[in-house]
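Here the structure comes first, spelled out in structure tokens, and everything after it is commentary.
Because the structure is predicted, anything quoted here is derived from the model rather than measured.
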Amino acid sequence: MSAENNAGFNTRAIHAGQAFEPRTGAVVPPVHFSSTYAQDGIGGLREGYEYGRGTNPTRDALQEQLAALEGARYAYSFSSGLAAEDGLIRAVMAPGEHIVLGNDAYGGTYRLINRVLGPWGIGHTVVDMSDQSAVAAAVSANKTRLVWVETPSNPMMKVTDIEALAEVAHGAGALLVVDNTFASPYLQNPLAFGADIVVHSTTKYIGGHSDVIGGAVALNDGELAEKIGFVQFAVGAVSGPLDAFLTTRGLKTLGVRMDRHSANAQAVAEWLQGRPEVEAVYYPGLPDHPGHELAKKQMRGFGGMVSVSFNGGEAAARKVAESTRVFTLAESLGGIESLVNYPSQMTHASVKGTELAVPENLIRLSVGIEDVEDLIADLEKAFSQL
């Protein structure tokens, strides 16, 4: 899509990898379900297509689209966010090497690194990513291959300086991986700030409609990309054709959705700040958020995720989470509909009792694109139950 490489985000989102089908002129490219492809003689592949695990036109189109939106040369689509993370780690690390991980990482990422890859010989150290000296010490003390950060983080909404962290990682010969799921490529492009690799759960904002599971890895280094592509092919945790199509469809409206998510979340966060039941509101769009100025520098907006802790402790958090009606009590985030989550027992249950544990008086709101007056009214009614 050479003509669109320098185009704006929404133009790239709609046109990257999405050339019309030449035989019929269909504006939406077809979904290719075939598991295998006819060859013009032995080894005579048409456009390089041989077998669906290795290559698929629908998945290739999504990967081109993802790369265009992250400002990357390469992107790989996987069957889930954790499959993408696993594929990345297996591709670039060997037993005996180390990961330095943020102390507020997603519970599933920690579980993968600690319980699945740990026995394989991958070590890890957990640090506060906002403390650059602590990160530098952890990196230098081990045979560190990857520094892994989420920004904004899940669910404490910490904002980390990508450029500074890249300098620390590169100074020790390590690679910086940024989980960009919360921000999405529309609001933040970590590669532009020195990150080496970006990972996504495309299930979230990229898919955007709570109807598809997927993950992605994006990067610029050709040698690393070849290794990741090999693991994608050899292990086979690829996104299926329909999943790739649904993700592509979601990506086309990412920009307009994120504008609404961000506006609604800002309004909800400001409303929460004025409530006596609330102990703290975690949202980088608030001027008193510790990462507000940094977020303004490296993000184009503040996103749709808001976390809130309650003066009434665990009981208050649970009560509110179980009393909303427009906000649906459910796992996940990033869909057009608003969700409420109790991380301590839901998304982050796997890190209870560790240094990554989430406060028990906290809920996480994935603010959707409904009318914001209805969202606030729903929270008002839930708060009245306290």
>> Using modelled atom types and a 3.5 Å cut-off, is there a donor and acceptor pairing between side-chain atoms of Asn189 and backbone atoms of Leu69?
In response: yes

> Is Val178 isolated, or which residues cluster with it under the ILVMFWY side-chain rule of less than 4.5 Å, directly or via members?
Replying inline: Val100, Val127, Met129, Val135, Val139, Val147, Val149, Ile162, Leu165, Val168, Leu176, Phe193

> Are any non-hydrogen side-chain atoms of Gln132 and Glu167 less than 4.5 angstrom apart?
Replying inline: no

> Distance from His98 atom NE2 to Leu146 atom CG, nearest 0.5 Å?
Replying inline: 11.0 Å

> Would you call the rings of Tyr49 and Tyr37 parallel, tilted or perpendicular, where under 30° means parallel and over 60° means perpendicular?
Replying inline: tilted

>> Quick check for you: to the nearest 0.5 Å, what is the distance between Ser210 atom OG and Glu331 atom CD?
In response: 12.0 Å

>> Could you check whether any side-chain N or O of Thr151 sits under 3.5 Å from a backbone N or O of Thr160, counting only pairs where one atom can act as donor and the other as acceptor?
In response: yes

>> Do Glu322 and Leu329 have side chains that approach each other closer than 4.5 Å (heavy atoms only, starting at C-beta)?
In response: yes

> Is there a donor-acceptor contact under 3.5 Å from the side chain of Ser309 to the main chain of Leu362?
Replying inline: no

>> Whether the side chain of Asn180 engages the backbone of Gln188 through a donor-acceptor N/O pair (distance < 3.5 Å, no angle test) should be reported.
In response: yes

>> Measuring from atom CG of Leu254 to atom CG of Leu187, what distance do you get when rounded to the nearest 0.5 angstrom?
In response: 7.5 Å

> Rounded to the nearest 0.5 Å, how far does CD1 of Ile369 lie from CG of Leu375?
Replying inline: 10.5 Å

> Is there a chain of hydrophobic side chains (I, L, V, M, F, W, Y, each step under 4.5 Å between heavy atoms) that links Met305 to Leu339?
Replying inline: no

>> Between Glu370 and Ser338, is there a side-chain donor-acceptor contact under 3.5 Å, judged purely by atom types and distance?
In response: yes

> Is a donor on one side and an acceptor on the other found under 3.5 Å between the side chain of Arg300 and the backbone of Tyr186?
Replying inline: yes

>> Under the side chain to side chain contact (heavy atoms under 4.5 Å, CB included) test against Met156, which residue among Ser307, Pro359, Pro343 passes?
In response: Pro359

> Can you tell me how far the OG1 atom of Thr248 sits from the CG atom of Asp243, to the nearest 0.5 Å?
Replying inline: 11.0 Å

>> Ring centres under 6.0 Å, that's the criterion: do Phe182 and Tyr106 meet it?
In response: no

> In the single-linkage hydrophobic clustering (I, L, V, M, F, W, Y; side-chain heavy atoms under 4.5 Å), do Leu365 and Leu386 co-cluster?
Replying inline: yes

> Taking side chain as C-beta onward, heavy atoms only, is Lys204 less than 4.5 Å from Ser366?
Replying inline: no

> Going by an N to O cut-off under 4.0 Å, is there a salt bridge joining Arg12 and Glu70?
Replying inline: no

>> If you compare all heavy atoms of Ser323 against all heavy atoms of Gln385, which two are closest, and at what distance to 0.1 Å?
In response: OG-CG, 3.9 Å

>> Quick check: do Asp196 and Val177 have side-chain heavy atoms less than 4.5 Å from each other?
In response: no

> Distance only, no hydrogens: is a donor on one side chain within 3.5 Å (strictly under) of an acceptor on the other, for Asn142 and Thr144?
Replying inline: no

> Given side chains that start at C-beta, do those of Ser77 and Gln63 come closer than 4.5 Å, heavy atoms only?
Replying inline: yes

>> Less than 6.0 angstrom separating the ring centers of His124 and Tyr110, yes or no?
In response: yes

>> When you measure from the side chain of His170 to the backbone of Ala166, do you find a donor-acceptor pair of N or O atoms at a distance under 3.5 Å?
In response: yes

